[in-house]
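Step one of this worksheet: look at the structure below.
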Amino acid sequence: MKKGLHLTLALLVITALLLLGIRWAERDDRLNILFARIDNSSLVDSVDIAEALQPYFGTSLLKLDTDSLELRLLAIEGVDSVSVVICYPETLIISFETRKPAAILAYGTDLIPVTVSGDHLPVNWYSDTLPVVVIDGYPDHEVISSALRLLIKRQVNHSVSFEVSSSGITLEDNGVQVILNPGTAAENWVQWQTIKTMITDQTDEVDLRYDKQAVLRSAEET
């Protein structure tokens, strides 16, 4: 009994000393945020990250609302998810998952990086190594997404140019204009691969928007 009582008293004393030590450290500003380690920020603007973190520096880690900070960081353009880990006595470890640019949408002279699903990304994420899809007019988002899925997931050769309009998806392959149905673009692309070797020099346009049919047109007809 006495041993158990002594052990309990010892634990209470240690706990009390620990709490007093933490309280002293906090009052002496020894638990304030001084450093932040950033992992996997990729193309996210470091200035935006610094501005989001700035109000938190110098405040106590014990009072940090990590949920609030994560929401603030999630608001930065291009960020998909973020986690904040406290590393006592003075450091935050912040890990990002960011969206990845998959293609460029060309609206005239405006070049917008986008994800594979067509979500816009910061303009400064532009890279001339990404495939380009020319946008004509105001096509629906789903038509653009269909073109992007075909372009990226089917790994269409960069020599094939893409244009998206309200009337459909048009690509140019070896000088031939090929019109695809946005709802069946992947199937139309396979169909084109099957028949392209049979296309003569007199054919300038192949329309695949009709069910299992290919309509061939020459320059004189178009």
Side-chain angles (χ1 to χ4, degrees), residues 32-59 61 63-87 90-166 169-171 180 182-183 185-186 189:
N32 287 356
I33 301 170
L34 297 180
F35 305 102
R37 193 184 87 193
I38 309 299
D39 294 336
N40 304 320
S41 61
S42 186
L43 297 172
V44 176
D45 194 330
S46 59
V47 173
D48 291 338
I49 297 175
E51 288 178 351
L53 290 175
Q54 195 275 330
Y56 295 88
F57 281 104
T59 60
L61 284 170
K63 297 177 180 177
L64 175 66
D65 182 351
T66 55
D67 289 340
S68 173
L69 176 55
E70 286 177 359
L71 286 174
R72 190 180 180 96
L73 292 168
L74 277 172
I76 298 174
E77 195 174 13
V79 175
D80 203 31
S81 66
V82 64
S83 68
V84 177
V85 176
I86 294 173
C87 187
E90 56 195 10
T91 303
L92 294 177
I93 299 175
I94 301 171
S95 300
F96 286 94
E97 285 189 15
T98 63
R99 299 179 182 183
K100 294 179 175 59
I104 302 295
L105 299 185
Y107 295 86
T109 58
D110 294 332
L111 304 177
I112 310 296
V114 293
T115 64
V116 69
S117 59
D119 297 325
H120 287 201
L121 295 171
V123 175
N124 60 358
W125 289 23
Y126 170 84
S127 170
D128 57 11
T129 63
L130 295 172
V132 177
V133 175
V134 176
I135 307 298
D136 181 22
Y138 303 94
D140 291 340
H141 178 77
E142 184 51 41
V143 179
I144 296 174
S145 296
S146 177
L148 290 171
R149 287 193 298 270
L150 175 61
L151 174 64
I152 297 160
K153 293 185 178 181
R154 292 277 177 171
Q155 298 181 331
V156 176
N157 193 299
H158 279 209
S159 64
V160 178
S161 62
F162 272 72
E163 180 177 302
V164 176
S165 67
S166 56
I169 300 168
T170 302
L171 57 89
L180 313 180
W189 173 253

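Residues take their numbers from the sequence shown, with the count starting at 1. In this text the structure is predicted, and so the values were computed from the model without any measurement.
Remark: Glu51 CD to Asp45 CG distance equals 8.0 Å, nearest 0.5 Å. Interatomic distance, Leu53 CG to Ser46 OG, rounded to the nearest 0.5 Å: 11.0 Å. If you take OG1 on Thr115 and CH2 on Trp125, they are separated by 10.0 Å, rounding to the nearest 0.5 Å. Taken to the nearest 0.5 Å, the CG atom of Asn32 stands 15.0 Å off from the OH atom of Tyr56. One distance of note links CD1 of Ile76 with CZ of Phe96; it measures 5.0 Å at 0.5 Å rounding. To the nearest 0.5 Å, the span separating CD1 on Ile33 from SG on Cys87 amounts to 12.0 Å.
Here the side chains of Leu180 and Leu150 are in contact, with some heavy-atom distance below 4.5 Å. Ile86 places a side-chain heavy atom less than 4.5 Å from the side chain of Leu92. Inter-residue side-chain proximity for Leu73 and Val79 is flagged as unmet; no heavy-atom pair is nearer than 4.5 Å.
Of all the heavy atoms in Ala52 and Arg72, the pair that sits closest is O-NE, 2.8 Å. Of all non-hydrogen atoms in Pro182 and Ile169, the two that sit nearest each other are CA-CD1, 4.0 Å. Smallest separation of non-hydrogen atoms from Val114 and His120: CG1-CD2, 3.6 Å. Counting all heavy atoms, side chain and backbone alike, Phe162 lies closest to Leu171 at CZ-CD2, 4.2 Å.
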Would you list the atom pairs, donor with acceptor, under 3.5 Å between side chains in residues 128-142 and any protein atom, with sequence neighbours excluded?
unit_1	atom_1	unit_2	atom_2	d
Thr129	OG1	Ser127	OG	2.8
His141	NE2	Ser117	O	3.3
His141	NE2	Ser145	OG	3.3
Glu142	OE2	Arg149	NH2	2.9

Donor-acceptor pairs under 3.5 angstrom involving side-chain atoms of residues 98-111: please list them, not counting sequence neighbours.
none

Show me the donor-acceptor pairs, under 3.5 Å and distance only, between side chains in residues 35-42 and residues at least two apart or in other chains.
unit_1	atom_1	unit_2	atom_2	d
Arg37	NE	Asp39	OD1	3.4
Arg37	NE	Asp39	OD2	3.4
Arg37	NH2	Asp39	OD2	3.0

